[in-house]
Amino acid sequence: MVNIEQSSDVATARPTVEEITRLAASVADPEIPNLTIADLGILRDVRVGEDGRIEVDLTPTYSGCPAVEAIESDVRAAIAGAGYPAVTVRRVLAPAWTTDWISAEGRQKLAEVGIAPPGPVCRAASTATTEAATATATGQPVAFVHCPHCGSRETEILSRFSSTACKELRRCCSCSEPFDHFKPL
Amino acid sequence: MSPAAALDSAVARYSLALGDDALVLCQRLCEWATRAPAIEEDVALMNVALDLLGQARSFLTYAAEREGLGRTEDDLAYLRDERDFSNVQLVEIENGDFATTMARQLVFSAYQYQLYEALSSSADEQIAAISEKAFKEVSYHRDHAARWVVRLGDGTQESHRRMAAGLETVWPFAGELFEPFEVGSELSGLTEMSIARDPASLHDPWSAFVTPVLAEATLEIPATAWAPSGGRSGLHTEAFGYLLAELQHLHRSFPDAKW
């Protein structure tokens, strides 16, 4: 319910959790800017205290992710810009972020910029056997990661790491285009 | 010292050792920037180093918090001298060629994999949180190293020769990773409280991964009687001083420098 007298004074009005969540959720990821931090699943919680103090919980994708500080500062700026400067951004490590938290919309957006989205996380996928290592060394495709350009599932790994720690470099065996694959984590 | 203060001190010391391992190996791997055999490897090694840096920052920040002396992660990384670092010697030895670096990556990532998996259920919430996150990252480091060791070991005559020589170089340093905590020490106290994990318990699962990789790489486990040790208590190799000088000189020369 809206109280008209109070809502006319932005500086002292207590924002709703929904409003702050909307502001924080719209912040773009600095490295893949067509994705928001909500798409990536790194916005974990928003709390608004009785005194109007705002707390936002973010979790890093990787321990050393260099974008963390920029994201934290962007979140503070987005909320302060709407008239709520009393914001604390907390960095939480547990539970650890997983690519399973990337939203369906986020996956769609990744594919749109030529990055193959991650498949579901399973332990076996991240601890490839030496058999797989040998298969890769001889150029055999070992996993069904679809090419974001032509859709073929015949793709091979070029390198376990790519432009950022969260991606690996693959090549399509059908159209020969290289592409980034967001690794399941 | 009160029991609470003794616990803080022990947890700080343990976190510092884990952080120092990650920090020093990160610094070594960064020496490969622009020098790896291919651009993909340049990128891969820097990504591994970045993960290690993130782990180091988490552990050093936590060590600083628990020791309660008002120090920060930067104070711990940049203002301690050689004898105050408690990393194992394995992570500080020089990179050698790419095969030697990959031999060390295999030995160390496979160790960190077992360590972080075990510590994900540590009774200390912060150590558990850092470890659970780091475990996922290290899974990729271990996989990356295993692939290279197999490719080079079971490759050409020259790549096999170099891979075998690299393994010879790093193997003696592996033993220190699994040295048991001294009975009755503050660290063995942490093990009893399920906060730390005795390194000796990690050896067999580590070996169960590394041994088949080496077999597939047609490499023999080096026979060695030499077992260097002492890094955990501040004894380091000659190479370490030069590494620290490079790591610390900017911060020490320009203490208030801002990026």
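Every chain is numbered from 1, with letters handed out A, B, ... down the list of sequences.
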Notebook entry, point to check: Do the rings of A:Phe161 and B:His141 sit parallel, tilted or perpendicular, given the 30° and 60° boundaries?
Noted result: tilted
Note to self: Report which part of B:Leu45 has an atom under 4.5 Å of a heavy atom belonging to chain A: side chain, backbone, both, or neither.
What the structure shows: neither
Margin query: How long is the straight-line distance from NZ of B:Lys136 back to CG of A:Leu185, given to the nearest 0.5 Å?
Written below: 4.5 Å
Check: For B:Gln126, is it the side chain, the backbone, both or neither that has a heavy atom under 4.5 Å from a heavy atom of chain A?
Finding: side chain
Margin query: Measuring from atom SG of A:Cys65 to atom CG of B:Asp51, what distance do you get when rounded to the nearest 0.5 angstrom?
Written below: 10.0 Å
Note to self: How close do A:Arg160 and B:Tyr140 get, counting heavy atoms only, and between which atoms?
What the structure shows: NH1-CE2, 3.6 Å
Notebook entry, point to check: With only heavy atoms counted, which part of A:Thr61 is less than 4.5 Å from chain B, the side chain, the backbone, both or neither?
Noted result: backbone
Notebook entry, point to check: What residue, out of A:Val92, A:Val68, A:Leu169, A:Thr164, has the most heavy-atom pairs lying under 4.5 Å from chain B?
Noted result: A:Thr164
Next item on the list: First locate atom CG of B:Leu50, then atom OG of A:Ser63, and finally report the distance between them rounded to the nearest 0.5 Å.
Entry: 9.5 Å
Next item on the list: Could you tell me whether A:Glu69 and B:Arg57 make a salt bridge, using a distance below 4.0 angstrom between a side-chain N and a carboxylate O?
Entry: yes
Notebook entry, point to check: Between B:Glu125, B:Glu137, B:Gln55, B:Met46, which residue shows the highest count of heavy-atom pairs closer than 4.5 Å to chain A?
Noted result: B:Glu137
Item checked: Nearest-0.5 Å distance that lies between atom CD in A:Glu168 and atom NE2 in B:His144 -> 11.5 Å
Note to self: Please rank B:Ala49, B:Ala134, B:Gly54, B:Cys26 by heavy-atom pairs under 4.5 Å with chain A and give me the top one.
What the structure shows: B:Gly54
Note to self: How close do A:Ser159 and B:Glu41 get, counting heavy atoms only, and between which atoms?
What the structure shows: OG-OE2, 4.4 Å
Note to self: Quick check: closest heavy atoms across B:Lys133 and A:Ala96, and the distance to 0.1 Å?
What the structure shows: CA-CB, 3.9 Å
Next item on the list: Supply the atom-to-atom distance B:Ser139 OG to A:Lys183 NZ, rounded to the nearest 0.5 angstrom.
Entry: 10.5 Å
Checklist line | Under 3.5 Å donor-acceptor, B:Asn47 side chain and A:Ser162 backbone | finding: yes
Item checked: Full working for side chain to side chain contact (heavy atoms under 4.5 Å, CB included) between B:Arg147 and A:Ile157 -> CA-CA 12 Å; B:Arg147 285 165 189 261; A:Ile157 187 169; 4.0 Å; yes
